[in-house]
Amino acid sequence: MKIASWNVNSLKVRLPQLTQWLADARPEVLALQETKLEDAKFPVDELAAAGYRVVYSGQKTYNGVAILARDELTDVVTDIPDLDDPQRRILAATIGHLRVVDLYVVNGKAVGDEKYAYKLDWLAKVREFLARELERHPNLVVLGDFNICPDDRDVYDPVAWGEDILCSPPERAALKAITGLGLHDSFRLFQSDAGHFSWWDYRQAAFRRNMGLRIDLILIGEALKSAATAAAIDREPRRWERPSDHTPVTLELDI
DNA sequence: ATGGTTGTCCCACAA
């Protein structure tokens with residue numbers, strides 16, 4: 001089965017690209033970020049017509065997460081116990097034997113900004129939530145827009161980027177604390193080269209010049225590691241008309 | 001350092 005994550009940067013604008021990609025890639029599960037839609041405006045019928053059930057936690061203008069699946073989604077969580085947060089950034093659901101947690105990690109704006117402090121606090125509390133999820137659900141998948149480059153291979157120009165936002169040591173340490181729970185960056189189980197990216201800035205023809213970052217990740221629990229058979233980044237939708245600045249990332253699981 | 005682009009919403013703000 002194929003599992004995927006895609007930051008669509010407005011589902012209202014990107015619905016045609018989404019339905020096209022679903023028809024092409026046919027994932028069993030797809031986690032979306034930055035839907036930017038109130039729940040009342042979520043395109044339930046359009047996605048049902050495409051063959052998908054949906055759960056979502058949205059808000060107007062900013063943030064918003066959703067999970068699409070061919071099978072039933074149960075045990076849905078939209079908030080974590082120790083984080084009283086109006087921003088809609090986390091969504092968990094059980095699909096068959098899998099527990100899926102969709103994350104839209106805080107961007108943080110700049111190192112030292114108040115949004116950066118919020119990011120690090122958010123990540124610490126999410127880590128605690130994931131530790132508890134992993135106890136209850138060994139078959140855990142944590143995927144989404146992490147807004148952190150795991151290491152320098154995931155940055156087009158690591159020297160120029162330095163320790164700026166998305167690459168600062170505290171952010172990378174926060175990600176390491178999460179993977180340290182026993183969650184593997186599935187892409188790196190199959191590909192160790194630098195230069196594979198999931199996001200390119202809209203400006204400066206960054207996609208054409210492959211000036212990107214790999215910030216969209218699919219983490220899997222130890223119990224799922226032997227079931228993983230392939231991981232990829234599908235750059236095709238980034239070439240389409242009116243693309244998101246992110247492109248889908250995928251993982252094949254033999255379960 | 002600044003600016004470049006896109007999305008949302010009405011004018012900056014977020015990314």
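Chain naming here is simple, since letters A, B, ... match the order of the sequence lines and numbering starts at 1 in each.
A salt bridge links Glu236(A) with Arg239(A): the closest approach of a Lys/Arg side-chain nitrogen to an acidic carboxylate oxygen falls below 4.0 angstrom. Arg132(A) and Glu135(A) are not joined by a salt bridge, as no carboxylate oxygen comes within less than 4.0 angstrom of a charged side-chain nitrogen.
Across the C1' atoms, dG4(B) and dA15(B) are found 13 Å apart, a figure rounded to whole Å. Between dT5(B) and dA1(B), the two P atoms lie 22 Å apart (nearest whole Å). Going from the P atom of dT6(B) to that of dT2(B) covers 23 Å, rounded to whole Å.
Taking every side-chain heavy atom of Arg203(A) into account, dT5(B) is the closest of dT5(B), dG3(B), dA14(B). Here dA14(B) is the nucleotide among dT8(B), dA15(B), dA14(B) with the atom lying nearest to any side-chain atom of Tyr62(A). For Tyr202(A), taking side-chain heavy atoms from C-beta onward, the closest of the listed nucleotides dA15(B), dT8(B), dT6(B) is dT6(B).
Ring planes of Phe42(A) and Tyr56(A): parallel class, angle under 30° (limits at 30 and 60°).
Here dG7(B) presents its P atom at 19 Å from CD of Glu38(A), a figure rounded to the nearest Å. Here dA14(B) presents its C1' atom at 18 Å from CZ of Arg88(A), a figure rounded to the nearest Å. Put simply, CD on Glu34(A) is 18 Å from P on dC13(B), counting in whole angstrom units. The CG atom of Leu166(A) sits 13 Å away from the C1' atom of dA14(B) (whole-angstrom rounding). Atoms CG (Asp245(A)) and P (dG4(B)) sit 18 Å apart, rounded to a whole Å. Between the NZ atom of Lys12(A) and the C1' atom of dT8(B) there is a distance of 9 Å, rounded to whole Å. To the nearest angstrom, C1' of dA15(B) lies 7 Å from NZ of Lys36(A). The CD atom of Glu241(A) sits 15 Å away from the C1' atom of dT5(B) (whole-angstrom rounding).
One side chain, Asp216(A) or Ser198(A), offers a donor N or O that lies under 3.5 Å from an acceptor on the other.
Listed pair Ser10(A) / dT8(B) meets the phosphate criterion, a side-chain N or O lying under 4.0 Å from OP1 or OP2. Phosphate proximity of dT6(B) to Arg14(A): absent, as no side-chain N or O sits under 4.0 Å from OP1 or OP2.
Mapping Leu11(A) and Asp201(A) onto DNA chain B by nearest heavy atom places Asp201(A) closer to the 5' end of the strand. In terms of position on DNA chain B, the residue among Asn147(A) and Thr35(A) whose nearest nucleotide sits closer to the 5' end is Thr35(A).
Tracing side-chain contacts under 4.5 Å through hydrophobic residues (I, L, V, M, F, W, Y), one reaches Leu224(A) starting from Val100(A); they form part of the same cluster.
Sorted by first then second residue, the ring-ring contact (aromatic ring centres under 6.0 Å, His included) pairs that include residues 89-113 of chain A, not counting sequence neighbours, number zero.
Non-hydrogen atoms lying under 4.0 Å from DNA chain B are contributed by Tyr104(A), Asn107(A), all within residues 102-110 of chain A.
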Begin with the C-alpha distance, continue with both residues' side-chain angles, and end with the deciding distance and a verdict on salt bridge (charged side-chain N to carboxylate O under 4.0 Å, His left out) for Asp75(A) and Arg99(A).
CA-CA 9 Å; Asp75(A) 198 7; Arg99(A) 182 65 171 167; 3.8 Å; yes

Determine all donor-acceptor pairs shorter than 3.5 Å in which one atom belongs to a side chain in residues 45-53 of chain A; sequence neighbours excluded.
from, atom 1, to, atom 2, distance (Å)
Tyr52(A), OH, Pro27(A), O, 2.6
Tyr52(A), OH, Arg70(A), NH2, 3.2
Arg53(A), NE, Arg70(A), O, 3.4

